[in-house]
Amino acid sequence: MKPKIIIARTVFPEVVARLRQHFDVTDNQADVAWSKAEWTERLSQHVGAFSMGIDPIDESVLQACPQLKICANMSVGYNNLDVPAMTRHGVLATNAPDVLTETTADFGFALMMAAARRVTESEHFLRAGQWKQWRYDLFAGAEVHGSTLGIMGMGRIGQAIARRGALGFGMQVIYHNRSRLSPEVEAACGARYVGKDELLAQADHLVLVVPYSKEAHHTIGAAEIARMKPTATLTNIARGGIVDDGALIVALREGRIAAAGLDVFEGEPALNPGFLGLKNVVLTPHIASSTVATRLAMAHLAADNLIGYLTEGQARTPLNPEVIGATR
Ligand code: 8YV
């Protein structure tokens, strides 16, 4: 009998077909977002889970799922997984790093540029038939090339954004991170380490790429925004909750910063309705990694982890490798 796995949401048919060669697969063709109780109930009948990075695995879920051996996230972020609890329960956690780094950095850069150069706002104006004549300051935005790019969170994606800014756009790149990078890595991405206050005060364009944790909740709130330049932009491609959305809405409305580019939101897919009435914000539905090739690579990496672990006891990108080899 094949091991039973569950795929939390719809995913590429070729990846489902590949998984079916190895497993008895329960999929979610209807693409219904299951409640935590439904997810837990279904999960309890399976040994493996293919998760989109939004399906929770915590102590209560683990207690209800004694058969579970692995949860493979199709995402680099894993704030849906309580990894220490999974380790205690002998359940392997895997994520999908690296394959999305450059694509996500592309999007972060695009969102920052769209905010700086007022792309959404000017398109709405044009579509509404309001473009009647040329004007010297029509949607005059902020310079990107040669300006100061601030990056908060300097992991793989942060570094890829830094390279784009320094090498492609001649920007001065400053960053803040829990730990400072080695001089070699700093030189390779043309970035200079600064304290958080200096980052906020100096950046013309601030891009957030910090992983979500309780400690990172509201890393950017009213006090932090108050330290930023009134001409600055703020881009968040990290996670909802890193920014205090309510405080950001007030700041954008009052012109305390110039604009924002946001791919992630507190409580998404619900959105604070305050954003919708603002012109100086570019809004996208958590799509930073979404190119066909990248999402396919992420899905195959999650599948590799499931197949590798459940058939051979090996995984490509384990988050708690100490579980491998330990018996449950
Ligand atoms: C995912 C992401 O698409 O990888 C991440 O952490 O935020 C996105 O790339 C999203 O989590 C859904 O899987």
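Order of listing sets the numbers, starting from 1, for every ligand and every atom in it. Along the sequence shown, residues are numbered consecutively beginning with 1.
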Engineer: Identify whether the distance between the nearest side-chain nitrogen and carboxylate oxygen of E102 and R164 falls below 4.0 Å.
Structural biologist: yes
Engineer: Is the contact between R239 and ligand 1 made by the side chain, the backbone, both, or neither, using heavy atoms and a 4.0 Å cut-off?
Structural biologist: side chain
Engineer: Which ligand 1 atoms, with their elements, are less than 4.0 angstrom from a heavy-atom of M298?
Structural biologist: 4 (O), 9 (O)
Engineer: State the atoms of ligand 1, each with its element, that fall below the 4.0 Å cut-off from a heavy-atom position in R295.
Structural biologist: 3 (O)
Engineer: Look at atom 1 (C) of ligand 1 and say which protein heavy atom is nearest, naming residue and atom and giving the distance to 0.1 Å.
Structural biologist: S289 OG, 3.9 Å
Engineer: Is the F265 ring parallel, tilted or perpendicular to the F275 ring (thresholds 30°, 60°)?
Structural biologist: perpendicular
Engineer: Test your reading of the structure: does M74 have an N or O sitting under 3.5 Å from an N or O of ligand 1?
Structural biologist: yes
Engineer: Are there over 12 heavy-atom neighbours, none belonging to R178, within less than 6.0 Å of that residue's CZ?
Structural biologist: no
Engineer: Near S75, which atoms of ligand 1 are under 4.0 Å from a heavy atom of that residue?
Structural biologist: 4 (O), 5 (C), 6 (O), 11 (O), 13 (O)
Engineer: Looking at H124, I want to see if its NE2 is surrounded by more than 12 non-hydrogen atoms of other residues, nucleotides or ligands under 6.0 Å.
Structural biologist: no
Engineer: Does anything in residues 150-160 form a side-chain hydrogen bond (donor to acceptor under 3.5 Å, both in side chains)? List the pairs, not counting sequence neighbours.
Structural biologist: D98-R156
Engineer: With sequence neighbours left out, what residues match R18 under side-chain hydrogen bond (donor to acceptor under 3.5 Å, both in side chains)?
Structural biologist: H300, D304
Engineer: Would you please determine whether G53 falls within less than 4.0 Å of ligand 1 on a heavy-atom basis?
Structural biologist: no
Engineer: Provide, to 0.1 Å, the distance between atom 10 (C) of ligand 1 and the closest protein heavy atom, together with that atom's residue and name.
Structural biologist: H286 NE2, 3.8 Å
Engineer: May I ask you to list the atoms of ligand 1 that are less than 4.0 angstrom from any heavy atom of V76?
Structural biologist: 4 (O), 5 (C), 6 (O)
Engineer: As an exercise, identify every atom of ligand 1 less than 4.0 angstrom from a heavy atom of G77.
Structural biologist: 4 (O), 5 (C), 6 (O)
Engineer: Which ligand 1 atoms does L100 reach within 4.0 Å, using its non-hydrogen atoms?
Structural biologist: 4 (O), 9 (O)
Engineer: Check this for me, if you would: do K36 and D55 make a salt bridge, where the nitrogen-to-carboxylate-oxygen distance has to be below 4.0 angstrom?
Structural biologist: no
Engineer: Is M52 in polar range of ligand 1, meaning some N or O pair under 3.5 Å apart?
Structural biologist: yes
Engineer: Hey, is OH on Y309 packed in by over 12 heavy atoms from elsewhere, all under 6.0 Å?
Structural biologist: yes
